[in-house]
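Encoded as structure tokens, here's the structure I'll be asking about.
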Amino acid sequence: MPEPFPPSKPTLAVWKFASCDGCQLSLLDCEDELLAVAGSMQIAHFLEMSSASVDGPYDLSLVEGSITTAADVERIHRIRDDSARLVTIGACATAGGVQALRNFGDVAEFADVVYASPQYIDTLGTSTPISAHVPVDFELRGCPIDRRQLIEVITAFLAGRTPNIPNTSVCTECKRRGLTCVMVADGTPCLGPVTHAGCGALCPAHSRGCYGCFGPTPDPNIASLAGWLRRCGMDEEAVGRVFSTFNVAAPGFEEGRRHGR
Amino acid sequence: MAGDAPDGDAAAERRQLTVRALARVEGEGRLDVAVRNGSVESAQLNIYEPPRFFEAFLRGRDFREPPDLTSRICGICPVAYQVSACNALEQACGASVDRRVVELRRLLYCGEWIASHALHIYFLHAPDFLGAPDSVALARSQRGAVERGLALKKAGNAILETVGGRPIHPVNVRVGGFYRAPTRTDLAPLAETLRRALDDAIETVRWVAGFEFPDVRLESTLMALHHPERYAIEDGDIRTSGGGGFPVADFDDHVVEYHVPHSTALHARLDGERYLTGPLARYTLHHEQLSATAREAATAAGLDTECRNPFRSIVVRAVEVVYAVDEALRLIEAYERPEPPATPVTARAAVGRGVSEAPRGLLYHRYHLAANGLIESANIVPPTAQNQDAIEADLADRIGEHLDLDDAALTALCERTIRNHDPCISCATHFLDLRVVRR
Ligand code: SF4
Ligand code: SF4
């Protein structure tokens, strides 16, 4: 459990690495809470929102995005040194994000396809989560994160308690909402059984199977789910692809990613 | 910082301005300006957002995947990516989508316009006019205004949530339509929210119209989508301010991406000319297609039949918010639930091209499909790449006019100039990360 912050206004910094900006935008999307958050913390560094920036140290750093360049490796160490608590937000920062698809391909070849002068590209052959480089105090899942969970994490850190973020699967949220299982009832392939809770079972609520944007649950039973996915009509390649999206480099999805290879 | 600017030599006769990390833009970028002997030598908007290789890894993916995958290019306009991708893939497969699906897509897109424009107006742009570093600081003197901005953004997000499932990376969009179409009852509470939002939107136009605007004029060609019946958002053909136009199928013949030696980014030219897409282009080309309320608000705000002043883009955005709220209300009123929510789409070997108007400009996707439905190649031309030349030309002009300013003031003006264009740097799929070493 983290120590509560000192009574003077704690400082908040928001950092970005390789990402789409969606997770930090989630903070601005907290329309009802934003001014209150800004009132109880000093927003010391948040480039997407403010051109004013205060030097560290910071009480709480939220980090979005994955590490994909040598310069970013250095930068995340500096940020860690400057931050009392460091929380990663989103699939990019906690699992390497969709850009981690490069980890299983040939980056030089990728660069050739996208850029006319690939020799100019200064990038690592991998996209790695923040925790591969520095200790992380808490990881918030999702692509994007859920903004209610973000508020819970910020409030918990302000109060010095552990955030109340359930570690269960999307299935439990689906059941709690009283939704009919899309896989059992309609034969729709769904990653709900192996996907971390947090979204409130959004996809099943829209008659769609979960595609795993919150990443793996602890100890996911991939072998069993793969059997179900095949029964729903997916071939081996399709099973491999469905695990190869926003959390492709998450260790829990590794077994799934290998299908069809 | 990753974006630390290269250490230029800053020779004595040379004045070098560097904005090390642009604030209040989406993504990360840097600006390098060199002035030698009193004239602007170069103004380079450099993007150091690391490459994420979307076009490369789309190869070998199933044709139903791009709406989910490409939305992750940009968290602020994911619907634009989803809709341009759907348009391209449906065209490749020869699918004709239910009219009711088209209307629902437009409603979803209106949500993105409202939320994204409100974000830009209140959070990224207005502070420039009011001398504040950000909206939180602004809230100290103008709390009502900031609360109005938040309410407006929330109304846009409510549409995205109801129709798309969530505001960022909606889950409900698929090639052919939607996974689940909302009922009229689902949409009813939105109408109520939007009626209040309409007042906020009109008030927003009034508010921003009172700002002070430097008198500048941008000469670049303007390019926007055109739809015969309505202000183009989710699809259309292409029109330009020169009176020209062409169907989307000819996009690659007219718009050519290229490298310039001074920049790390791919730029684009339209028939060899620099051009601008986005609100100024849309308004100038098609303002007569705005709703009556939006046109009235525009006139009251002092907008003419064209707007080529990038500082006034904040007014045009505000007018577009009025339109998007109005249009969303109309779409909800006329809503017929598509049944089924998606047209079945069968893959075939073909090329498909799709466009739509992201809040900050035109977004083009092209896919080559194999007969088995796997993607052979993908090309994405985001608005920021298209606008880059025009933004740099605008920067060079502004700097040239204000060489008497000291470095801090000139730098601030440059930042404003960039924010006028709302460049979405995360979505710049083509931008390279190159450190220029000057000697
Ligand atoms: S996790 Fe997803 S939403 Fe968040 S920054 Fe990465 S791509 Fe964007
Ligand atoms: S159901 Fe799965 S894919 Fe859909 S939002 Fe939730 S975690 Fe993401």
Side-chain angles (χ1 to χ4, degrees), chain A residues 16-26 28-29 31-32 34-35 38 43 46-53 68-69 71-72 74-75 97-99 101-102 105 107 109-117 120-123 127 143-144 146 199 202-203 205-208 211 213 238 241 245-246, chain B residues 1-2 4 21-28 49-57 59 61-62 65 68-69 72-76 78 119 123 127 133-137 139 146-147 150-151 153-154 157 165-169 171-172 174 179-180 259 264 266 377 415 426 429-430 432-435:
Chain A
K16 172 186 159 68
F17 290 84
S19 68
C20 80
D21 280 42
C23 288
Q24 48 177 320
L25 179 61
S26 300
L28 298 182
D29 273 355
E31 288 98 1
D32 295 332
L34 184 69
L35 292 177
I43 299 181
F46 186 5
L47 271 189
E48 188 181 40
M49 188 190 104
S50 179
S51 34
S53 167
T68 61
T69 68
D72 282 349
E74 282 169 35
R75 185 161 66 110
V98 67
Q99 52 274 10
L101 279 165
R102 75 177 72 187
V107 173
E109 195 260 346
F110 276 21
D112 259 344
V113 170
V114 179
Y115 300 102
S117 305
Y120 294 149
I121 299 217
D122 166 21
T123 186
S127 166
C143 179
D146 179 271
C199 69
L202 263 188
C203 292
H206 287 82
S207 312
R208 144 171 222 195
Y211 57 96
C213 80
R241 277 200 308 270
T245 60
F246 320 105
Chain B
M1 302 277 106
D4 276 358
L22 283 168
R24 286 186 283 125
V25 297
E26 284 298 307
E28 307 208 306
E49 180 78 20
R52 290 189 292 148
F53 301 115
F54 276 85
E55 291 153 316
F57 69 62
R59 295 167 309 156
R61 307 296 301 212
D62 185 85
E65 294 182 79
D68 290 329
L69 286 175
R72 267 67 179 188
I73 291 173
C74 175
I76 204 172
L119 175 80
F123 286 81
D134 55 58
S135 52
V136 169
V146 173
E147 280 176 350
L150 286 164
K153 190 158 84 59
K154 195 175 166 186
N157 280 341
R166 63 181 168 197
I168 301 165
H169 307 326
V171 299
N172 195 21
R174 69 191 297 180
Y179 288 92
R180 178 188 179 277
H259 263 113
T264 62
L266 274 191
S377 70
E415 288 198 69
S426 304
T429 52
H430 286 308
L432 312 186
D433 184 26
L434 167 71
R435 306 279 187 265

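Predicted model, so just to flag it, every value in this text is computed and none were measured. Letters A, B, ... mirror the listed sequences (proteins, then strands); counts begin at 1.
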- Is any side-chain heavy atom of A:Leu28 less than 4.5 Å from a side-chain heavy atom of B:Leu119? yes
- So which of B:Pro78, B:Ala139, B:Gly165, B:Ala151 has the largest heavy-atom pair count under 4.5 angstrom toward chain A? B:Gly165
- Output for pair (B:Arg180 CZ, A:Arg208 CZ), nearest 0.5 Å, gives 14.5 Å
- Under 4.5 Å from a heavy atom of chain B, the part of A:Ala238 involved: neither
- Item | Side chain, backbone, both or neither of B:Arg59 within contact of chain A (heavy atoms, under 4.5 Å) | side chain
- If we only count heavy atoms from C-beta on, is the A:Leu101 to B:Arg61 side-chain gap below 4.5 Å? yes
- Item | Full working for side chain to side chain contact (heavy atoms under 4.5 Å, CB included) between B:Leu150 and A:Leu35 | CA-CA 10 Å; B:Leu150 286 164; A:Leu35 292 177; 4.0 Å; yes
- Task: Could you look at B:Asp62 and say if it's the side chain, the backbone, both or neither that has a heavy atom under 4.5 Å from chain A?
- Result: both
- Side-chain ion pair, A:Asp32 and B:Lys154, N-O less than 4.0 Å: yes
- Task: Could you tell me whether a side-chain N or O of B:Arg72 sits under 3.5 Å from a main-chain N or O of A:Gly22, the two making a donor and an acceptor?
- Result: no
- Message: So, taking the atom named CZ in B:Phe123 and the one named CE in A:Met49, what distance separates them when rounded to the nearest 0.5 Å?
- Response: 7.5 Å
- Message: Counting heavy-atom pairs closer than 4.5 Å to chain B, which one of A:Ser53, A:Ser207, A:Pro144, A:Ala38 comes out on top?
- Response: A:Pro144
- Task: Check whether any side-chain heavy atom of A:Thr68 lies under 4.5 Å from a side-chain heavy atom of B:Phe53, and answer yes or no.
- Result: no
- Query: Any side-chain heavy atom of B:Ile76 within less than 4.5 Å of one from A:Asp21?
  - Reply: no
- Query: So do the side chains of A:Ser50 and B:Val136 get within less than 4.5 Å of each other, counting heavy atoms only?
  - Reply: no
- Go through the steps for A:Thr245 and B:Asp68 under the test side chain to side chain contact (heavy atoms under 4.5 Å, CB included), then give the verdict. CA-CA 9 Å; A:Thr245 60; B:Asp68 290 329; over 6 Å; no
- Between A:Gly97, A:Cys199, A:Cys213, which shows the greatest number of heavy-atom pairs under 4.5 Å with chain B? A:Cys213
- When rounded to the nearest 0.5 angstrom, what is the spacing between SG in A:Cys203 and CZ in B:Arg166? 6.5 Å
